[in-house]
Number of protein chains: 2
Amino acid sequence: MPPTPAVPHGKRPTLADVAARAGVSTALVSIVMRDAKGAGAATRERVLRAAQEIGYRPDARARLLRSHRSHLLGVQFGLQHPFHSDLLEGIYAVAEPAGYQIALSAVAAGRGEQRATDTLLADRCEALILLGPQAPAARLAELAAQLPVVSVARRLRGSAPGVEVVRTADDEGARQAVDHLVALGHRDIAHIDGGRAPGAADRRRGYRTAMSRHGLADRVRVLPGGLTEEDGAAGARALLEATSRPTAVLAFNDRSATGVLDTLLRARVPVPGGISVIGFDDSHLARLAHINLTTVGQDIPRLTELAVGRAIARLEGEKMPDGEAVVAPRLVVRGTTAEPG
Amino acid sequence: MPPTPAVPHGKRPTLADVAARAGVSTALVSIVMRDAKGAGAATRERVLRAAQEIGYRPDARARLLRSHRSHLLGVQFGLQHPFHSDLLEGIYAVAEPAGYQIALSAVAAGRGEQRATDTLLADRCEALILLGPQAPAARLAELAAQLPVVSVARRLRGSAPGVEVVRTADDEGARQAVDHLVALGHRDIAHIDGGRAPGAADRRRGYRTAMSRHGLADRVRVLPGGLTEEDGAAGARALLEATSRPTAVLAFNDRSATGVLDTLLRARVPVPGGISVIGFDDSHLARLAHINLTTVGQDIPRLTELAVGRAIARLEGEKMPDGEAVVAPRLVVRGTTAEPG
DNA sequence: AGTCATCACTAGAACGTTCTAGGAACGAGC
DNA sequence: GCTCGTTCCTAGAACGTTCTAGTGATGACT
């Protein structure tokens, strides 16, 4: 047997290999690898060197199998949603320092939410964080009966008991947008909505009540939309064809808003000179210099901190002030809003 | 309401629980769960019912621990790259039917490639598929010494032996774009490049040689760029300020191209009337009706099929025709190119 | 001197699977 | 009757960790 490191494919070194090489027991190697106390400095050094030499890496699965805690948070996300990417970035940033690993499972064409959560469960995640889940409330409740579940962005009133909800105050966000526009002098403010997307109903409602509060109930104009650029573009085309054009548009999200912007630019309607546009999310998109979109920012660090925090709290048995965690949005004024022309 | 059995958090049922309930051995339950032969029809039925009743789910990790093969492919991707999302979608579609699971690991701010691959290794992936890896070739070679590694989109000549490469013929794609523009009658064709991004050098070269072949070597104009919308926008602004404007622009990718489009629209330069624009990737972006971008399409199904296929082939010991797998691009003509005005 | 802690370490049993050997029951062939 | 095959099933050993319960030393405090 060559005592050499060079580990060819197929056989990865184990604790026992390290132990043999360092002349100690596997238990001690385990102690050293976990950086637990119970090993002398000299031995520790020797074990680490041995591990290094043969290229040992702990086997995460065996590790999880043994310890009854897995410290694994399963996250379900949509591959085609940039906003989910932003959230994921935040989730990693919170979870890893707290000592939790993240297991990702994507929802894609041909891979539904059921499949996504099934693999997370099989991987022994201790809790699930679902980004904008669309599954029926009953399914979520079923999951929640098995382990802590946090729904991000999707509101669930009483319909799925046991599911934690972390979301932005969507109605409040819509209100801020309307207030801003009204303060600038707009009165004809239209809303291209998000259809059945999570949060859409609240934004619609927020828009309506804000308009009423300003005495503009008769100017309310809601156009059916969705969460893609095309939905926004279609809404904008409809507005341009209408008999009276609004002076401002509140889109469901940033993607939709860029669709609106694009349509307006093509139609030679200046923004914000002719029409002001507001998005929602403050995603990467909105921040790009050449889009420079006024938008309602979702507080991603706060959302992810709450989502991960609640999952962990439930796991560690803390009593939760259960009910939703609602995060305040914050209007980010950039270049697509101004006084009506 | 749901027939959910009493399985409080923390205790998930195991093979032994099912076995006890069905009155058989754990080995037999294992046989039934794997759908292997060696169990009678009646017993099989009974076991399945028992499993169903107590809500048993196999533990993926224990399973992997025991079986020598893990059938797990690790995929590293960039959270902020829509093109990677598209690739992932394709990877799922190929891998799961072939009996392989996918483990995802994201590269994000504060979570580098090293960290990403480390967790994949700890998870006992059998092979790695890296989407547009930026790590030094030496690091890739080091990984390749441990397990099969496939680099998608990043070219590696001899620098990382053992790493499989699957990529698009970037030079050929650039050539197709130039040919198309020349056929339309353009002569002043600029290229906003991708800087140090994977594939950028090849696209730049393809552009240069294509121009030369058409006798347009003196019209070659390469502007420094990158892979984001802002890079494209900056390039476009530079072009507009130049003493002579080109009649067509080839952008490094679709994101860059949308930046170009946006800048041109704002400057009231009609597209394609004033300037034609071509992107690269044929991502979701390009297909959107309101962008409708002429672009060089990367063959995502083929790329993913090759990437997954090569990884699996290496795992199953097939001899590979080693060297790169180069996939032909295909020009997708949409609405942003036309005869020069 | 005798008890008691503490420290460095180890043996061996988990964890939830799959895999390797079988064993019991039952026919069939000689 | 005795072997031989099947078919259905089980016991028990892996897999690579961590955890529990120790064992000897060493030294400190009565």
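- Nucleic acid contact class of A/Gly38 (heavy atoms, under 4.0 Å, all strands): base.
- Rounded to a whole Å, the CD1 atom of A/Ile31 is 7 Å from the C1' atom of C/dC9.
- Using a 4.0 Å heavy-atom cutoff across all strands shown, A/Arg124 reaches sugar-phosphate atoms only and no base atom.
- Between A/Arg66 and the phosphate of D/dC19, there is no side-chain N or O to OP1/OP2 separation shorter than 4.0 Å.
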ask   = What's the verdict on salt bridge (Lys or Arg N to Asp or Glu O under 4.0 Å) for A/Arg115 and B/Glu96, showing C-alpha distance, side-chain angles and the deciding distance?
value = CA-CA 11 Å; A/Arg115 177 77 148 281; B/Glu96 297 200 330; 2.5 Å; yes

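- An OP1 or OP2 oxygen of C/dT10 is reached within less than 4.0 angstrom by a side-chain nitrogen or oxygen of A/Ser25.
- For the pair A/Leu64 CG and C/dC15 C1', the interatomic distance rounds to 11 Å; values are reported in whole Å.
- A/Thr117 OG1 to A/Leu130 CG: the interatomic distance, rounded to the nearest 0.5 Å, is 7.5 Å.
- Here the P atom of nucleotide D/dC15 and the NE2 atom of B/His68 are 10 Å apart, to the nearest Å.
- Heavy-atom distances to DNA chain D give each of A/Ala27 and B/Val24 a nearest nucleotide, and the one nearer the 5′ end belongs to B/Val24.
- With rounding to whole Å, A/Leu65 atom CG is found 7 Å from C/dG16 atom P.
- In this structure, A/Thr43 reaches the C/dC9 phosphate: one of its side-chain N or O atoms is under 4.0 Å from OP1 or OP2.
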request  = Please test A/Ser30 against A/Arg34 for side chain to side chain donor-acceptor pair (under 3.5 Å), starting from the C-alpha separation and ending with a verdict.
outcome  = CA-CA 6 Å; A/Ser30 170; A/Arg34 277 175 294 142; 3.0 Å; yes

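- Looking at heavy-atom distances under 4.0 Å, B/Thr14 makes contact with sugar-phosphate atoms alone, never a base.
- When rounded to the nearest whole Å, the span between CZ of B/Arg12 and C1' of C/dT17 equals 12 Å.
- Protein atom CD of B/Glu45 is 15 Å distant from nucleotide atom P of D/dC8, rounded to whole Å.
- The residue B/Ala39 sits close only to the backbone: its heavy atoms come under 4.0 Å of sugar-phosphate atoms, none of a base.
- Taken to the nearest 0.5 Å, the CG atom of B/Leu28 stands 10.5 Å off from the CG atom of B/Leu15.
- Each of A/Arg154, A/Arg167, A/Arg157, A/Arg310 was evaluated against A/Glu324; a single residue qualifies, A/Arg167, per the salt bridge (charged side-chain N to carboxylate O under 4.0 Å, His left out) test.
- Rounded to an integer number of Å, the gap from A/Asp35 CG to D/dT18 P is 12 Å.
- Across all strands shown, B/Arg34 has heavy atoms under 4.0 Å from sugar-phosphate atoms exclusively, and none from any base.
- Between A/Thr26 and A/Arg44, the one whose closest nucleotide on DNA chain C sits nearer the 5' end is A/Arg44.
- Put simply, A/Ser30 has a side-chain N or O that comes within less than 4.0 Å of OP1 or OP2 on D/dT18.
- Note: CG (B/Leu28) to P (C/dT17) measures 14 Å, nearest angstrom.
- Contact annotation for A/Arg57: backbone-only contact, meaning every heavy-atom pair under 4.0 Å involves sugar-phosphate atoms and none involves a base.
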